[in-house]
2 protein chains.
Amino acid sequence: MLVEATVYAKDCPSRQLLDRIGDTWSVLIVALLADGPLRYTELAHRIPGISPKMLTQTLRALERDGLVTRTVYPVVPPRVDYALTSLGRSLLGLVGALQQWAEKHIADVVEARSAYDARG
Amino acid sequence: MLVEATVYAKDCPSRQLLDRIGDTWSVLIVALLADGPLRYTELAHRIPGISPKMLTQTLRALERDGLVTRTVYPVVPPRVDYALTSLGRSLLGLVGALQQWAEKHIADVVEARSAYDARG
DNA sequence: CAGTATCCGTACCGATACTG
DNA sequence: CAGTATCGGTACGGATACTG
């Protein structure tokens, strides 16, 4: 299969997409921005436990990938809005599919785990 | 302090699903098993660069989550088959959706990246 | 407010050698 | 064949202090 020549290579874009999707914070942020732009601290408050370092890092990565825009308003105090691009919005379907699968099957997974752990 | 009953809690099942999906090897293995069961070394050969450690570790995790079955045949030399469960097969739709998004939009992402890097 | 800078532990991961 | 065991690097992520 030719697929092997692509997905399995570390430098393949599709591989990097998987890494991005797999990144916890990225998916959460995209989901949070679904309803409209949010400011830095608004995001921080909605993602308990994220450090400023990771928030900035993730936002920069999303911006670099063209999924999110960063808009700086030259006011005091500073105001920076983050919003999904159309490319970013195109990811919402995928995120929704993920959520739906989770809602539908998570119970089975949890059950499978305890069964597995019970056996040792 | 309120405990978040959502995706944002580390111990939330949906969060762990994301971790699993995000895991490179997991998704690849599920995709490879789509066409039928494979043996340990068959998987190893189709995933260039994976170490026995990671292959075993990932397979065990998939088995624990009820996504994959591990069947040992008491023969010499040993034969072990890995196959998707129905729960595992239910993930194939998601994997397909991921592939489709990638095929459709990866070019945009790559372009966004070089534009971003060009600006600094 | 919206970040940067720094330090530091750890958990992951690859490589390798060995076994039933 | 199908793994297990062990070691070691490293990169990731958390906590914290500081800044324009």
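Predicted model only: the values in this text are computed from it and were never measured. The sequence lines fix the lettering, A, B, ..., with proteins before strands; numbering per chain opens at 1.
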Intra- and interstrand pairs of DNA chain D - dot-bracket, Watson-Crick/G-U under 3.5 Å, | marks other strand:
||||||||||||||||||||
Check every atom of [options] against the side chain of [X] and return the nucleotide holding the closest atom.
X: A/Arg70; options: D/dA2, C/dG3, C/dG14; answer: C/dG3
X: A/Arg60; options: C/dT4, C/dC13, D/dT4; answer: C/dT4
X: A/Ser51; options: D/dG14, C/dG14, D/dA2; answer: D/dG14
X: A/Pro52; options: D/dA2, C/dT4, D/dC7; answer: C/dT4
X: A/Thr56; options: C/dT4, C/dG14, D/dT4; answer: C/dT4
X: A/Arg79; options: C/dG14, C/dA2, D/dA15; answer: C/dA2

Pair A/Arg79 + A/Asp81: basic N to acidic O under 4.0 Å
yes
C/dG3, OP1 or OP2 - any side-chain N/O from A/Tyr82 closer than 4.0 Å?
yes
Under 4.0 angstrom between A/Arg39 side-chain N/O and C/dC1 OP1 or OP2:
no
[Y] reachable from [X] in the ILVMFWY side-chain graph, under 4.5 Å edges:
X: A/Val72; Y: A/Leu43; value: yes
X: A/Leu84; Y: B/Tyr116; value: no
X: A/Met54; Y: A/Ile29; value: yes

Taking atom CD of A/Glu111 as the centre, does the number of heavy atoms from other residues, nucleotides or ligands within less than 6.0 Å exceed 12?
no
When rounded to whole Å, the CH2 to C1' distance for the pair A/Trp25 and D/dC12 reads 13 Å
Would you kindly give the CG-to-P distance between B/Leu55 and D/dG3, to the nearest whole Å?
8 Å
Between D/dG3 and B/Lys53, counting only base atoms on the nucleotide and side-chain atoms on the residue, is there a donor-acceptor pair under 3.5 Å?
no
Pick the closest DNA chain C nucleotide for A/Pro78 and for B/Gln57 by heavy atoms, then say which residue is nearer the 5' end.
A/Pro78
For A/Thr71 and A/Tyr82, test the side chains for any donor-to-acceptor distance below 3.5 angstrom and give the result as yes or no.
no
